[in-house]
Amino acid sequence: MSRRPPVDDVTDADLEVGAPSSWAAGVPGILHAMEPAVQQLGITRTMKLLATLNQKGGFDCMSCAWPDPDHRKVAEFCENGAKAVVWEATPVLVPSAFWGEHSIDDLLDRSEYWLGMQGRLTEPVYKPADSDHYAPVTWDRAFEIIAAKLTSLDSPDEASFYTSGRTSNEAAFLYQLFVRAYGTNNLPDCSNMCHESTGTAMGETLGIGKSTIAYDDFEHADLVIVLGQNPGTNHPRMLTALEDAKRNGARIVAVNPLPEAGLRRYKNPQTARGLVGRGTDIADQFLQIRLGGDMALLQAVSKRVLLAEASAPGTVLDHAFIAEHCSGFDAFAAAMADVDDDEVLLATGLSLQQIDELADAYIKADRVIITWAMGITQHRKAVETIKEIVNLLLLRGNIGRLGAGASPIRGHSNVQGDRTMGIWEQMPDRFLDALRDEFSFEPPRHHGVDSVNGIAAMQRGEIKFWMGMGGNLVAAISDTTLAEAAMRGTEMTVQVSTKLNRSHAVIGTEALILPTLGRTEIDIQASGPQFVSVEDTVCAVHGSHGQVPPVTAGLLSEVAIVARLAQATLGDRAAEVPIDWAAFEHDYDVIREHISRVVPGFENYNERIRTRDGFVLPNGPRDSRTFATATGKAMLTVNTLEHVQRPDGCLLLQTLRSHDQYNTTIYSLNDRYRGIKKGREVVFINPLDLAELGLVDGQRVDVFTEWDDGVERSLRDYRAVSYPTARGCAAAYFPEANVLVPLASTAVGSNTPVSKAVLVRVVAASASPR
Ligand SMILES: Nc1nc2c(c(=O)[nH]1)N[C@H]1C(S)=C(S)[C@@H](COP(=O)(O)OP(=O)(O)OC[C@H]3O[C@@H](n4cnc5c(=O)[nH]c(N)nc54)[C@H](O)[C@@H]3O)O[C@H]1N2
Ligand SMILES: Nc1nc2c(c(=O)[nH]1)N[C@H]1C(S)=C(S)[C@@H](COP(=O)(O)OP(=O)(O)OC[C@H]3O[C@@H](n4cnc5c(=O)[nH]c(N)nc54)[C@H](O)[C@@H]3O)O[C@H]1N2
Ligand code: SF4
Ligand SMILES: [Mo]
């Protein structure tokens, strides 16, 4: 990274493929964190930011939602956290002249890397209907234009308000308040594409869609099963928690089609052993499962737990827990008796011995944590697979006990908090009632659209206005070509952003970009400096205090943007919606006061957030083994085993993240742990499958989706990379590979795009029709 934005765009011309790494972090990790930081930010800004990153009184890492331990080290961050900080806090700015020099079509031709590297957005810009360029406008004019459009729509449901997961609790609460006061529940968010399946499954079976563990539980676990997750890249400090767990005697099992570096060996850059030694072997057992095979694996393990109980009654199951706290045991036990091992072997690609070993470890462990992420949530049967995780844990009372629990690991740093604050198209009536009582207006009750249905509604012309509070929806959502056409059909798009991305070029007839402050920056309002707060993946809420002056004057915070937009849009309806929007912008304590009365668990918010550690939200399953479900108990459920059938000649393709990207943000074209340099247009395929398909390593290939709707979805001229993934499976990078995922291909029950098991045909590039 340099202090100047790149002029030329990047290409894959110099792509290099080497051997994948068998270990994660260590010295290269530190260098990767520090070098670009100092180069870009200078030593003073770097030290100020990295010394306060994730520290008490400092700012919360904006990258992933991994929690902070109680005892913080001097450097409580990882390589990828540092990359996110540098990317945001860069002093490189998009100059006013940029907008005249680059038309929308020009921006469309650029890569995400080039767009993101242009620097921070500094002023509001507007693209009128009759122009193909954005041009700077004043903030007042920007709000006027948006308000005029919003008040001219036939129904508030013609507008949709997306949120990505970096938005603070304060901004998120205000945003949903504005949207509901305006009159719609159209509040899709990135969670729809991420952990929605988790929320659905855990909400139904445990009564809460959030992790049931605390950070310290890792120290007390006997067994941690890491399912469908690549922590070495996406939650790097989790490796420290796993290392600590191992030191305390825990066994770690990793289930993944790919031998991800972080799951194999970790060289903790914070310890002498990690710096110069061999590091810690993370996974005691590695199960190289086929894509989508987890439901079968979990059922097979539960079946074995029940068989073990049958042969030694009273010794395996937690009968007291099941009797007191669970419903559905008999039906579940009966269903497990029918699980067909042959089908399990087919679905998982594992051996009976491997499955027996896992079942044995599970039975022997007193305290078990199961963690998971996108490798589980983005499948057609994701919701039911997560219900099987819950089933397995319940059998031995592994919920609501020290060192045990269900632990979805969230993605975006505040995606969980945004949901808690009401960013959801289907918030329950009790939340809407509380909003009504607090703010004296009647919020709409009918559900809004989620991310996928929102695109479909745009396609039908039903949504005419789209606003994004952060994020990059057209790049992040499935079926890129279709989604882009839908977005272009809208009348106006508005994005609140820190940096440029593809969604700024795929826009409605009119479009605006509103630049905003980032987490790193000091936020001063009329009442003085403000701070915000966030919730991490284990439900701990803490403050985040900006540390460095904003990169440029004139940026507004997300809170200020929402407050002013609300005034501009709803100013004339003060009698109907009597809300003092200006007060929120002046002092964020005012927002927290309201939150403390609307959102359960936030009582005395302003006081408690100021204690050094913040506070942990109440959690029925974790705290008291209480379950707010339909039966009032934790529900064991029966789920019909299904796995994706793979016709001859087809592969199952997953889309995933490289080590140098943050979702649609591309930090560089490298993926160090997988041996890829200077390129992203690769498709990883098992060598035996390559041979079976008559292809060779390094060959140029085209990838076609097998989906029966007459639309061709393809990636052209990619490089086939021989890679030790599970048989029959392939992998390519998101967001490029989103073109392959049909919009209609979603998880049952959560409507999350099926990004992890796309049925594809891979053929030699020259052989395919163009
Ligand atoms: N540096 C960095 N950090 C990030 C992000 C980022 O892009 N970059 N993104 C953030 C966000 S929003 C999220 S949601 C998380 C994502 O964190 P992850 O879920 O770790 O992200 P993915 O890259 O999608 O990796 C999915 C993993 O699941 C495995 N997998 C795929 N399918 C299956 C399956 O069927 N079964 C099993 N058992 N495993 C499977 C893949 O091989 C891969 O290791 O990370 C967050 N943190
Ligand atoms: N095929 C496939 N598709 C996927 C996935 C996958 O694994 N495979 N993963 C899915 C997942 S898990 C997720 S979470 C989504 C992610 O979807 P999104 O959340 O929509 O995408 P991001 O790339 O995280 O958004 C990045 C943009 O956010 C803006 N931004 C950054 N920081 C801030 C800030 O502080 N404030 C504001 N207002 N804007 C900011 C920047 O302009 C940046 O370009 O993608 C999903 N899509
Ligand atoms: S683990 Fe996640 S939250 Fe922690 S420093 Fe790394 S990227 Fe940031
Ligand atoms: Mo995510």
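For Leu512 against Ile145, the heavy-atom pair with the smallest separation is CD1-CG2, 4.2 Å. Here the closest heavy-atom approach between residue Pro550 and residue Glu521 is recorded as CA-OE2, 3.3 Å. Considering all non-hydrogen atoms of both residues, Leu174 and Val559 come closest at CD2-O, 3.6 Å. Taking every heavy atom of both residues into account, Ala181 and Trp581 meet most closely at CB-CZ2, 4.3 Å. Of all heavy-atom pairs between Met193 and Ala476, the closest is SD-O, 3.6 Å. Contact detail for Asn619 and Cys539: the closest heavy-atom pair is ND2-SG, 4.0 Å.
Neither side chain, Gln416 nor His195, offers a donor N or O lying under 3.5 Å from an acceptor on the other. Side-chain atoms of Glu88 and Thr520 form a donor-acceptor pair, as typed in the model, at a separation below 3.5 Å. Thr665 and Lys499 form no side-chain donor-acceptor contact under 3.5 Å, judged by distance and modelled atom types alone. No side-chain donor-acceptor contact under 3.5 Å links Asn663 and Asn472. Residues Ser164 and His412 bring a donor and an acceptor atom of their side chains to less than 3.5 Å of each other. Looking at Arg180 and Asn185, their side chains do bring a donor and an acceptor atom within 3.5 Å of each other. Using modelled atom types and a 3.5 Å distance limit, the side chains of Tyr266 and Thr240 yield a donor-acceptor pair. Ser668 and Asp660 are linked by a side-chain donor-acceptor pair at a separation below 3.5 angstrom, with hydrogens and angles left out of the test. Remark: the Gln530 side chain and the Ser527 side chain contain an N/O donor-acceptor pair separated by less than 3.5 Å.
Comment: Arg419 engages Glu196 in a salt bridge, judged by a side-chain N to carboxylate O separation of less than 4.0 angstrom. Glu243 has no carboxylate O lying under 4.0 Å from a charged side-chain N of Arg237, or vice versa, which leaves the two without a salt bridge. Under a 4.0 Å N-O distance rule, the pair Arg597/Glu603 does not qualify as a salt bridge. A salt bridge between Asp589 and Arg592 is present, with a side-chain N of the basic residue lying under 4.0 Å from a carboxylate O of the acidic one.
Counting heavy atoms from C-beta on, the side chains of Met421 and Ile591 never come closer than 4.5 Å. Contact check for Ile208 versus Pro621: side-chain heavy atoms found under the 4.5 Å cut-off. At a threshold of 4.5 Å between non-hydrogen side-chain atoms, the residues Leu177 and Leu435 count as touching. Residues Glu558 and Glu170 are not in side-chain contact: their nearest non-hydrogen atoms beyond the backbone lie 4.5 Å or more apart. Taking the side chain as every heavy atom from C-beta outward, Val474 and Arg502 approach each other to under 4.5 Å. Asp450 is not listed as a side-chain neighbour of Trp424, based on a closest heavy-atom distance of 4.5 Å or more. Side-chain contact between Tyr175 and Asp418 is absent, with no heavy-atom pair separated by less than 4.5 Å. Counting only heavy atoms from C-beta outward, the side chains of Gln229 and His235 approach each other to under 4.5 Å.
For the pair Thr52 (side chain) and Lys48 (backbone), a donor-acceptor distance under 3.5 Å is present. A donor-acceptor contact shorter than 3.5 Å links the side chain of Lys56 to the backbone of Asp70. With hydrogens and angles ignored, the 3.5 Å screen pairs no side-chain donor or acceptor of Arg564 with any backbone N or O of Ala582. Side-chain N or O atoms of Ser451 include one that pairs as donor or acceptor with a backbone N or O of Asp189 at under 3.5 Å. With hydrogens and angles disregarded, no donor-acceptor distance shorter than 3.5 Å links the side chain of Asn604 to the backbone of Glu607. A donor-acceptor pair is defined here as one N or O able to donate and one able to accept, closer than 3.5 Å; such a pair exists between the side chain of Tyr134 and the backbone of His504. Between the Ser557 side chain and the Ala560 main chain, a donor and an acceptor come within less than 3.5 Å of each other. Remark: side-chain polar atoms of Ser544 are not paired, donor with acceptor, to backbone N or O of Phe59 under 3.5 angstrom. Side chain of Thr233 to backbone of Asn230: no donor-acceptor contact under 3.5 angstrom is found. Here the side chain of Thr537 pairs a donor or acceptor atom with the backbone of Pro408 at under 3.5 angstrom.
Exactly one residue among Gln55, Arg519, Arg166 makes a side chain to side chain contact (heavy atoms under 4.5 Å, CB included) with Asp60. That residue is Arg519. A side chain to side chain contact (heavy atoms under 4.5 Å, CB included) with Val538 is found for one member of Ile213, Leu617, Val616 and no other, namely Ile213.
The aromatic ring centroids of Phe602 and Phe615 lie less than 6.0 Å from each other. Ring centers of His594 and Phe584: under 6.0 Å apart, within the cut-off. Aromatic pair Phe218/Trp66: ring centres closer than 6.0 Å.
The line from OH of Tyr162 to CD of Gln495 is 10.0 Å long, rounded to the nearest 0.5 Å. Taking CZ from Arg120 and OG1 from Thr516, the interatomic distance works out to 8.0 Å, rounded to the nearest 0.5 Å. For the atom pair Leu514 CG and Tyr126 OH, the distance stands at 12.5 Å (nearest 0.5 Å). To the nearest 0.5 Å, atom CZ of residue Phe178 and atom OG1 of residue Thr569 are 4.0 Å apart.
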Check the pair Ser407 / Ser211 against side-chain hydrogen bond (donor to acceptor under 3.5 Å, both in side chains), numbers first and verdict last.
CA-CA 4 Å; Ser407 192; Ser211 173; 3.2 Å; yes
In sequence, state the C-alpha distance, the side-chain angles, and the governing distance for Tyr215 and Asp536, and then conclude on side-chain hydrogen bond (donor to acceptor under 3.5 Å, both in side chains).
CA-CA 10 Å; Tyr215 184 89; Asp536 65 30; over 6 Å; no
Starting from the C-alpha separation in whole Å, work towards a yes-or-no answer on side-chain hydrogen bond (donor to acceptor under 3.5 Å, both in side chains) for Gln525 and Tyr588.
CA-CA 9 Å; Gln525 302 294 347; Tyr588 299 178; 3.2 Å; yes
Show your reasoning for whether side-chain hydrogen bond (donor to acceptor under 3.5 Å, both in side chains) applies to Thr664 and Glu112.
CA-CA 7 Å; Thr664 67; Glu112 289 285 3; 4.7 Å; no
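Note: His545 and Phe531 have parallel aromatic rings, judged against thresholds of 30 and 60 degrees for the angle between ring planes. Between Phe173 and Phe439, the ring-plane angle classifies as tilted under the 30° and 60° cut-offs. Taking the six-membered ring where tryptophan is involved, the planes of Phe161 and Phe465 are tilted, since the angle between them lies from 30° to 60°.
Counting non-hydrogen atoms of other residues, nucleotides and ligands closer than 6.0 Å to CG of Asp572 gives a total of 12 or fewer.
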